[in-house]
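Keep in mind the model is a prediction, meaning the values are calculated, not measured.
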Amino acid sequence: MNIDTLTYRNDVGKIAQKLPAVVAATSYGTPAFKADKKLMARLKEDGKTLVVYSPDRDSWMKKNPLTFFITDHYKDYPMMLIDLVTVKKKDLEILLRTSWKMRASAKMLREMK
C-alpha cells in the first residue's frame, strides 16, 4: 500500500509545520521537511516510508519492528525509517518533534520553550 504525496503532506505536514521554522522542501527528489535548512524528515522513494532523525531508534525498533526499522544504509546514522501505513499518529508526532529537536538551531530550541 502506497501513501500518496497529498496524504503525506496532510499527515506529516500538519505535524511538522506546527514546529518553529519548519519548511516544506525536497530531498533526493521526494517531499521533505527541513528545520533551519537541515533535513529533519523525508518521504522515501517507496511512497510509504518516512526517514527521521532519532537518538533512541533502538528502543523504537524493539517496541515495534514492523513500523520502526533501518536498512544497512542508515545503520551508521542517527536515523530511522517509519512505515506510514502502520505508525500511530501519537508516535509520529513524538518522532517528528524529536527529529526537529536534533536538527534545530539553539535559537530555534529556545523559541520552542
Side-chain angles (χ1 to χ4, degrees):
M1 175 179 190
N2 282 350
I3 296 197
D4 63 30
T5 302
L6 181 60
T7 301
Y8 163 81
R9 292 232 185 253
N10 285 342
D11 294 346
V12 176
K14 283 180 183 176
I15 298 166
Q17 292 183 320
K18 288 181 183 176
L19 299 166
V22 169
V23 296
T26 59
S27 177
Y28 298 100
T30 64
F33 289 97
K34 294 185 177 183
D36 199 30
K37 300 181 183 177
K38 297 179 199 167
L39 178 68
M40 62 170 265
R42 84 169 186 95
L43 189 65
K44 290 278 291 167
E45 294 78 5
D46 66 6
K48 70 174 201 106
T49 309
L50 187 70
V51 180
V52 297
Y53 283 81
S54 177
D56 55 349
R57 70 182 187 186
D58 291 340
S59 62
W60 285 98
M61 292 188 304
K62 187 179 269 188
K63 174 181 165 183
N64 186 344
L66 295 176
T67 300
F68 310 111
F69 58 98
I70 60 170
T71 61
D72 286 343
H73 175 78
Y74 294 99
K75 70 179 183 178
D76 295 327
Y77 300 98
M79 302 170 98
M80 177 175 68
L81 301 169
I82 303 171
D83 184 334
L84 290 173
V85 174
T86 60
V87 69
K88 294 176 184 169
K89 185 175 180 180
K90 181 178 179 180
D91 290 339
L92 184 60
E93 289 172 348
I94 291 167
L95 287 162
L96 284 169
R97 182 177 296 269
T98 300
S99 186
W100 178 85
K101 286 179 180 177
M102 288 182 71
R103 306 302 284 167
S105 67
K107 180 182 177 189
M108 289 169 62
L109 291 169
R110 283 192 303 273
E111 289 173 2
M112 182 67 170
K113 293 181 181 183

Engineer: If you compare all heavy atoms of L84 against all heavy atoms of L92, which two are closest, and at what distance to 0.1 Å?
Structural biologist: CD2-CD1, 4.2 Å
Engineer: Taking all non-hydrogen atoms of both residues, which atom of I70 and which atom of K75 are closest, and how far apart?
Structural biologist: CD1-CA, 3.8 Å
Engineer: Please report the shortest heavy-atom distance between T49 and D46, naming the atom on each side.
Structural biologist: OG1-OD2, 2.6 Å
Engineer: Go through it in stages, so that I can follow the logic: the residues are D91 and K63, the test is salt bridge (Lys or Arg N to Asp or Glu O under 4.0 Å), and I'd like the CA-CA distance, side-chain angles, deciding distance and then a yes or no.
Structural biologist: CA-CA 11 Å; D91 290 339; K63 174 181 165 183; 3.5 Å; yes
Engineer: How many angstroms lie between CG in D56 and NZ in K62, if you round to the nearest 0.5 Å?
Structural biologist: 12.5 Å
Engineer: Measure the CG-NE2 distance between L81 and H73 for me, rounded to the nearest 0.5 Å.
Structural biologist: 9.0 Å
Engineer: Atom NZ of residue position K101 - does it have more than 12 heavy atoms of other residues, nucleotides or ligands inside 6.0 Å?
Structural biologist: no
Engineer: Check the pair L50, L96 against side-chain contact (heavy atoms from CB on, under 4.5 Å), reporting the backbone distance first and the verdict last.
Structural biologist: CA-CA 10 Å; L50 187 70; L96 284 169; 4.1 Å; yes
Engineer: Is there any side chain to side chain donor-acceptor pair (under 3.5 Å) pair reaching into residues 27-41, and which pairs are they, with sequence neighbours excluded?
Structural biologist: T30-R42
Engineer: If you count the non-hydrogen atoms of other residues, nucleotides and ligands that lie under 6.0 Å from OH in Y77, is the total more than 12?
Structural biologist: no
Engineer: Just by modelled atom types, is the N64 backbone N or O under 3.5 Å from a matching donor or acceptor in the T67 side chain?
Structural biologist: no
Engineer: What are the two closest heavy atoms between S54 and M102, and how far apart are they?
Structural biologist: N-SD, 3.6 Å
Engineer: Between Q17 and V23, does the side-chain contact (heavy atoms from CB on, under 4.5 Å) criterion hold? Intermediate values first, please.
Structural biologist: CA-CA 7 Å; Q17 292 183 320; V23 296; over 6 Å; no
Engineer: From I15 CD1 over to S99 OG, what is the distance, rounded to the nearest 0.5 angstrom?
Structural biologist: 12.0 Å
Engineer: Going by ring-ring contact (aromatic ring centres under 6.0 Å, His included), name the pairs with one or both residues in residues 40-67, residues two or more places apart or in two chains.
Structural biologist: W60-F68
Engineer: Do I94 and W100 land in one hydrophobic cluster if side-chain heavy atoms of ILVMFWY residues count as linked below 4.5 Å?
Structural biologist: yes
Engineer: Would a 4.5 Å heavy-atom cut-off, applied to side chains only, mark Y74 and V51 as touching?
Structural biologist: yes
Engineer: Where is the tightest heavy-atom contact between R57 and M80, given as atom of each residue plus distance?
Structural biologist: CB-SD, 3.7 Å
Engineer: Using modelled atom types only, decide if a donor and an acceptor are shared between the side chain of R103 and the backbone of A35 within a distance under 3.5 Å.
Structural biologist: no
Engineer: Closest heavy-atom contact between L95 and I82?
Structural biologist: CD1-CD1, 3.7 Å
